[in-house]
Amino acid sequence: MSFASPMIQEPASVPEPAVAAKVAARNVNVHYAEKHALKDVSVDIPARAVTSFIGPSGCGKSTFLRCINRMNDTIPICRVTGEITIDGKDIYDSRLDVVLLRARVGMVFQKPNPFPKSIYENVAYGPRLHGMARNKTELDEIVVNSLKRASLFEEVKDRLQESGTGLSGGQQQRLCIARAIAVSPEVILMDEPCSALDPIATAKIEELIDELRSNFTIVIVTHSMQQAARVSQRTAFFHLGSLVEEGSTEQIFTNPKDKRTQDYITGRFG
Amino acid sequence: MTGFYYALMVALALGAYFLVRGRAAALANGQTLHSRPSYHGLLAAAQVILPMILIHFAGSVLAARFVEHQALVAMDPALLTDELRRGAAFREIREFAIGRGAANATQALQAGAAMYAYLSALTNWAVLGLGLAVGIAMALFSLRSISGEFRARNRFEQVVRYLLMACATVAVITTIGIVFSVLFETFRFFQKVSPIDFLFGTHWSPQTAIRADQVGSSGSFGMVPLLVGTLLISTIAILVAGPIGLFAAIYMAEYASPKFRAWAKPILEILAGIPTVVLGFFAALTVAPLIREVGTSLGLSVASESALAAGLVMGIMIVPFVSSLSDDVITAVPQSLRDGSFGMGATRSETIKKVVLPAALPGIVSAFMLAISRAVGETMIVVMAAGLAANLSFNPLDAVTTFTVQIKTILVGDQEFDSAKTLAAFALGFVLFFFTLTLNVIALAIVRKYREQYD
């Protein structure tokens, strides 16, 4: 093209989803036994940006998040239909190894869940599983880098051999993030990562999320609308198992198209 | 008489409860009570019951002593100082008094029996009267103490607290009592046999001569063969039960469908309920001959009673201990840890190996320790399947014997309680107790040290 693409002029906070959809979902339905938990959700999640899912409790946002790395497979009564692709490849394809998928799509949970092992062993867990380091030096490097990228290294560098469960809540959660990024995933899913943390620890995690988006595609489920507004570039609003509205964070919070979105973000329910 | 006493007590307590509660309730109409009327009633009932029970116990014990003394005096005052005849004489008096005595009773016996019957009735009535009087007095006292400010609720709380404390004390004191009685007899044993010979001697043959001219029974009390036998059988048992129990627990907790688990777990626990004597004849009649046949066909010499047979069956016996406890601790590992591991792309077996089992390790270790304690203390299977021969042998195909079996062998039948042979049983019991106690302490220490706190 001889002239500048109009895409480049777009402000960074409003990326065009159609261009770089990392994860694409089409007509995803989830049933827990008889309960229809997620209804016909179709959404594109852009690469190297933060997408937040908001909505009242029980609206299906966590359920959808767990579809993206097939964590719902561990629940026997759960049934998923529809299509989810990452880089155009169907992740529910029977030829795909779910274990390898989860190495590409990391997850951080609501409550910090470090393993009852040392800080070092927590981070080295994934690289060891997937044989990512050929020797101790490489493994050390991965561990230190991951801790640095999770802004935890400075605080724990003198006690890498101490138990990960002895850290404070916020440090534990950053350890879990370090653990997730140690396997160099492409997508990181975060299920209410700050709901068990105090405001200062929350601010640190949010800052971290903002730094991580230059390298990772991040999807975050949150109960806090302010958090969604602070950290994400795109926002999707779920209600009663349906995706009500999805768009740039700015648009969702300033100019929602749907009445229910408007009611939710102005605090009329939820 | 006792039944009548307690029936009266219950009636009195019920009466006090309803009367006091009613009074308090009536009082509550006019003013605010600190405690609800039912607490006044409960306190009144407790104040009736506890002193009456105390009086009955103390009174009965005192009365029994007094009656025995007086009856013996009436029969023949010389009996009091004659330790040997005293017990027998009193038994005779009692038998005669309830009409089961011999027809040709002596004059003295008749006098004793008459005194016994008379005083028994008298003291019974005295205890009854005293108890009743105190009960009624306490009920009246409760009735008097009702008032708006009276803190019946707090008082009753204290009564409950002391009651619970008493129960705990009974358990503790019993334990201490048993330990000390064993310890005492063990000391008596060590006055006859040197502790060095006992602890390090390699020959066990507890027969002692009753008459000086008897041959071949000098008695030797080296416990090493028993220790080796016990360790051998316990090791075989834990080698069987450890893997089977642990792997069964992992399957039940991590892989089995809820439906399979629902019927398999109770069945496994039934195994723990099979009486050991039943397992014992299974060991002696089925397993031991089988091992002998297989061993002989392989050209090995197998004793008809072997440590292997006893160990195998004992291993089966303790499988439920290992599996049930391990299953509980594995299930108690928080799901969030498993999710974290799955989320990293670990398979189920990697997750179990690297996250679940390390997290559950303290519990699993203590399950193993409990199972070993059970195996060390088990008697019946060994008696039936491993024999009585105190061979000092590490060969699982030989007949061996254990602490528990020897204790049982020594104490079965008539005993004289001052011979080294009989006292040896107490020394063995003490060693065994010390052994299992050490295991339990180690298990507890491991659990404390490595326990991870999950909230």
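In what follows, every chain begins at residue 1, and chains take the letters A, B, ... in the order their sequences are listed.
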Minimal heavy-atom distance between A:R48 and A:S214, with the atoms involved, is NH1-O, 3.1 Å
Bottom line for A:Y125: the part with an atom under 4.5 Å from chain B's heavy atoms is side chain
Select all residues of residues 72-91 of chain A having any heavy atom within less than 4.5 Å of some heavy atom of chain B, and report them by number, or 'none'. A:T74
Does CZ in B:R153 sit with more than 12 non-hydrogen atoms of other residues, nucleotides or ligands closer than 6.0 Å? no
Locate the shortest heavy-atom distance separating A:A150 from A:A178; write the atom from each residue and the value. CB-CB, 3.6 Å
Given that the side chain runs from C-beta out, which part of B:S341 has a heavy atom under 4.5 Å from chain A: side chain, backbone, both or neither? both
Tell me which one of B:I233, B:L308, B:L231, B:T230 satisfies side-chain contact (heavy atoms from CB on, under 4.5 Å) with B:V400. B:I233
Please output the residues of residues 97-110 of chain A in contact with chain B, using a heavy-atom cutoff of under 4.5 Å, in numerical order. A:V99, A:R102, A:A103, A:V105, A:G106, A:M107, A:F109
Carboxylate-amine/guanidinium contact B:D328 B:K265, below 4.0 Å: yes
Can you classify the ring geometry of B:F433 versus B:F430 as parallel (below 30°), tilted (30 to 60°) or perpendicular (above 60°)? tilted
Give me the ring orientation class for B:Y251 and B:F260: parallel if the planes are under 30° apart, tilted from 30 to 60°, perpendicular past 60°. perpendicular
Distance-only polar pair, side chains of B:T404 and B:T402, donor-acceptor under 3.5 Å: yes
Show every salt bridge (charged side-chain N to carboxylate O under 4.0 Å, His left out) that has at least one partner inside residues 351-363 of chain B, sequence neighbours left out. none
Looking at residues at least two apart in the chain, or sitting in another chain, which of them share a side chain to side chain contact (heavy atoms under 4.5 Å, CB included) with A:R149? A:I181, A:N215, A:F216
